[in-house]
Amino acid sequence: MILLPFKRSIFYPIIPVLVLAVIAHFGYYRSGLLENDFFHHLAANVFGRLYFVAVSFGALYVFTRMTIVGASLSLRILASFFVPCAWIVKEAIVVTESFPVAQAAYFLLNPFHIWLILLVVFEMGLATLIARFLLKMKGVDLKVITKPPVFVMISSLGSVVAMYSWGSGENVYVMYLALFRALFGDGI
Amino acid sequence: MDKKSQGIFNRPFNRRDALKMLGKTTAAGVVLSAIPGVGIAAMKTPTERPNLIFILGDNHNAETMEFAGHPFIKTPGFNRLAREGVHLQNTFNTTSLCTPSRASILTGAYCHKHGVKNNHMPWTDSMPTFLEHLSKNDYATAFIGKWHMPGDGLPKFPYLDLFVSYTYREGQGTYFNCPMIVNGEEVASRKPYITEEVTDYAIDFMKSTLNKPESERKPFCIYLSHRPGHPPYKAPKDIDGMYDDADVKKALPKNIDAWYGKSRQNVYQGFMMGSFYDQYRGYCETLTAMDRDIDRLLNVLDEMEIQDNTVVIYMGDNGQMWGQHDRVSIKEPYEESLKLPLIVRAPKLIKDPGTKREQMALNIDIAPTLLDMAGVPKPKDMDGESFVPILKSPAAKGRDAFLMEFWRYFPENTPSYVGVRTNRYKFVEYERGRDPLLFDLKRDSAEQNNLYGTPEGDKLLPGLLAKMGKLNKNQVKFK
C-alpha cells in the first residue's frame, strides 16, 4: 500500500489525539456550567476521562501508528511526547500567574510531570510490541518480542511504581521542594 | 545608618530587642501590679494560675465540625468543647499558610515582623515564643507534635520542659508509626497513629507535672499540634471508611465533580490523587480521628479533676477551600481559607458556656491571650490582642480590621498579596497575575461580586486603602 505524504507525516497520528485532548479539556472545564446535576456529572466524568486518556495514553496510539508506517525512531519519540509535553507546558504557563519564568520553568519538573513522561516512555515500549504484532499479522516477517522494548517498559514502569510507592510519592515531592530551595531559596 | 535613625518600623527587630522589651514590660507589669486595679498586670499567684492547653489542627476548615452544622462529620470532642466553652466564629489567620501562621501563633506577631513568610523559610528565632514567656514566669511548658517549619532539624528551645516533634518528610511526619524526636533524641513511635501518640505525650506531661511535690509544682502550658487534616489523608483502621456512604455532595460546592484536582482545577492531578470525593472523605476521617483524641484528653482532665482550672483552646493553622471559587487551596484570600475554627473552654472565665462570639479573633491573638490568662503582661512586640475580655463578655469590643499578608509559596499557584479585612469589607491586591478583589461581606458573604473597579468600589477604596496603610505601616511591599 502506498501512503499519501500526510499519512506518513508526524502530524497524522498527533492530530486526532490533540483534537481529542482539546475537546475533552473544554468539555470537562465547561461541564460545571450545566445546571442539571446529572448532566454536569455525566459530562465531567466522560470528558474528564477522555482528557486523562488523551494526555496520558495518546502516545500509545501515536507510537504504534508511526511504527507501522515506518517512521524513524526520533520522529516516533518526538510525536509521542507532543501532546503530553504540550499539556505540561500549559500547566507551567498557568503558574506564571504567581511565579517568575525561572520558577515556572522549574515547575516543569514537578513529580506529576516526571511520572507522565515515564508513563509515555513505557507506552513507547509497549507500542513497539503492538506495532510489531500487527505487522506480523499482516505477514511481515519479524520478531515481536526483543530485549530493548521490554527493557524500556520494565525500567520506566518500575521507576513510576518505585517513585509512587516510596512514601506514596511524598518523598519524591520533598526532594523536589528541597531542590527548589537549593536553586531559589524561599522563592519570594 | 544607626538603629535610631532607621525608625522602629524599618529596622530589623531581633531577638535581643525582643527580650529587652520583654524585660522592661515585665518590670513595668510588676510595678503596676502593686497598684490596686491597674490593668491586667495584677500578677496571679502560682496556685491561682490556670493550666493551659493549646491544641492546633492542620488545614481545618472552620465549618467542618458537627456542631457547626456540617452535614455528616462526627466530632463529639469538638461538640463537647463548644458546649462547655465558647465558639469564636469569626476567627482568621493573618497569613493563610501553615508555617507562617504557626510562627504567628507562637510569637503573637504578623509575619512581616517575625520573618517566617512561607513554608520554605525556617524559624527565624527573631522573637520569643509565648512558651518562652510562660516558662520565664514559672510555667512548666511543653511543645508536642507538628513543628512544620523547614530547616536543619528542630530549633533549640532550652526553656521547654518537653519538646516532642518530628522532622520526617519536611516536618509533615506520617500518620502511622512516625519517628519522634523527644528532647533532641530520635525515638520510635509508641502508638501507631499520630494523634494517639502526641496525645499520650501530652497526658504524660500533665501527670508528671502535677505529680511533683507541691513545693515544686507549677501550672503547665502545653502546645499540642496535630497532623490532621493534612494530606495524604489516612485514618486509623476503625475510622477509615467511616464516611464511605456519606453524601459528600451536600458538603461541597455544586461545581465539584469526582475528578476535580488542584492547581486551578487540574483534572490530571485529580486523576493521579484519586477521586476528589474520596479525598474529602479521608480529610473528614482524619479530623474525626483527631477529635477522638481531643475528647480523650478532656476525659483525662476530668479524671485528674483539673478540668475547672485548665483552659483548653482548639484552633486550626489555616482553613481549607474544597472547590469554593474553583480552588482547592489553603492560601487564597477567601473566607474558606482565612477562617479558622476556634473554641475555648475556660470554666473560670466563661460565664455563658455553649455560646458564640461574633467579634473578630486572629491567630496572632493566641499568644497574648494565653499570657493574659496566666497573668503575664503582653510584650510590646506582640501585634495580637488578648481575647479574654471577649470570652468574659459577648458585649466586649472587638477589633474592627486586620491586615492580610501572603508571600507566594512554590509550587502552589497563588500570587503574593496584601489586603485588609474589616468587619464588613475585604480588599486584596496581588503582587502579579490577578486583579484586586473588593467584597462587601455583609451583602455578599459568598464573595461572588467583586466591587473593585465599580462605582461602589471606587467609593469604598480610599477608606480601605487608608485602613490597610495604617495596619501595614509600609512593612509589606509587593508593588
Side-chain angles (χ1 to χ4, degrees), chain A residues 24-25 28-29 31-35 37 40-45 47-53 55-56 84 87-88 90-92 94-100 103-104 106-107 109-113 115-116 119 164 167-171 173-178 180-181 183-188, chain B residues 99 115-122 150-151 168-175 230-232 234 249 253-277 323 326 331 406-417 430-434 478:
Chain A
H25 172 94
Y28 176 77
Y29 289 120
S31 65
L33 299 175
L34 293 168
E35 285 295 319
D37 200 43
H40 163 216
H41 287 280
L42 180 69
N45 278 317
F47 286 115
R49 280 177 169 84
L50 286 176
Y51 194 25
F52 185 70
V53 166
V55 172
S56 303
W87 179 82
I88 289 171
K90 178 198 76 100
E91 289 299 300
V94 168
V95 301
T96 58
E97 181 184 45
S98 303
F99 301 103
Q103 292 180 25
Y106 184 73
F107 188 78
L109 300 177
N110 188 314
F112 277 112
H113 302 158
W115 288 329
L116 176 58
L119 182 66
Y164 195 75
S168 307
E170 272 192 278
N171 292 326
Y173 188 66
V174 164
M175 287 166 62
Y176 172 66
L177 294 184
F180 174 85
R181 282 196 289 274
L183 293 170
F184 302 102
D186 56 40
I188 297 172
Chain B
T99 298
V116 182
K117 292 176 179 173
N118 70 17
N119 288 5
H120 291 306
M121 296 186 78
Y168 192 57
R169 289 186 190 154
E170 298 230 315
Q172 293 290 359
T174 57
Y175 278 106
H230 195 283
K234 289 175 184 168
K249 288 181 191 170
K254 199 175 172 296
N255 57 304
I256 293 301
D257 61 76
W259 306 114
Y260 201 82
K262 292 185 76 172
S263 177
R264 295 196 84 169
Q265 317 109 290
N266 178 335
V267 66
Y268 189 82
Q269 286 195 26
F271 269 94
M272 291 289 282
M273 294 169 78
S275 158
F276 190 79
Y277 295 149
D326 264 347
K331 298 163 293 297
F406 176 83
W407 289 265
R408 66 173 178 253
Y409 168 57
F410 185 90
E412 310 282 342
N413 187 21
T414 303
S416 303
Y417 60 81
Y430 293 95
E431 178 196 22
R432 57 190 287 155
R434 296 187 197 170
F478 298 126

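The sequence lines fix the lettering, A, B, ..., with proteins before strands; numbering per chain opens at 1.
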**Message:** Quick check on the 6.0 Å ring-centre criterion: do B:F410 and A:F99 meet it?
**Reply:** yes
**Message:** What I want to check is whether the side chains of B:Y409 and A:D186 have a donor and an acceptor closer together than 3.5 Å.
**Reply:** no
**Message:** Restricting to non-hydrogen atoms, name the atom on B:K117 and the atom on A:I188 that form the minimum distance, rounded to 0.1 Å.
**Reply:** CB-CD1, 3.7 Å
**Item:** Toward chain B, the part of A:L33 with a non-hydrogen atom under 4.5 Å
**Value:** neither
**Request:** Answer whether the closest heavy-atom distance between the side chains of A:L177 and B:P411 falls below 4.5 Å.
**Result:** yes
**Fill in**
Nearest heavy-atom approach of A:H41 to B:I256 is CE1-O, 3.2 Å
**Prompt:** Under a 4.5 Å heavy-atom cut-off, does chain B meet the side chain of A:P100, its backbone, both or neither?
**Reply:** both
**chain A contact via B:N255 - which portion, at a heavy-atom distance below 4.5 Å** = backbone
**Prompt:** If you look at every heavy atom in B:N119 and A:R181, which pair is closest and at what distance?
**Reply:** O-NH1, 4.4 Å
**Prompt:** With only heavy atoms counted, which part of A:F180 is less than 4.5 Å from chain B, the side chain, the backbone, both or neither?
**Reply:** side chain
**Item:** From B:Q172 atom CD to A:E170 atom CD, the distance as rounded to the nearest 0.5 Å
**Value:** 7.0 Å
**Prompt:** Between B:P415 and A:S98, which heavy-atom pair has the shortest distance, and what is it?
**Reply:** N-OG, 3.0 Å
**Request:** Tell me, for B:K254 versus chain A, whether the close heavy atoms (under 4.5 Å) come from the side chain, the backbone, both or neither.
**Result:** both
**Asked** What is the distance from atom CG of B:N413 to atom OG1 of A:T96, rounded to the nearest 0.5 Å?
**Response** 8.0 Å
**Message:** Return the NE2 to CZ distance between B:H120 and A:F184, rounded to the nearest 0.5 Å.
**Reply:** 10.5 Å
**Message:** Applying side-chain contact (heavy atoms from CB on, under 4.5 Å) to B:R432 and A:E97, what does each step give before you reach the verdict?
**Reply:** CA-CA 7 Å; B:R432 57 190 287 155; A:E97 181 184 45; over 6 Å; no
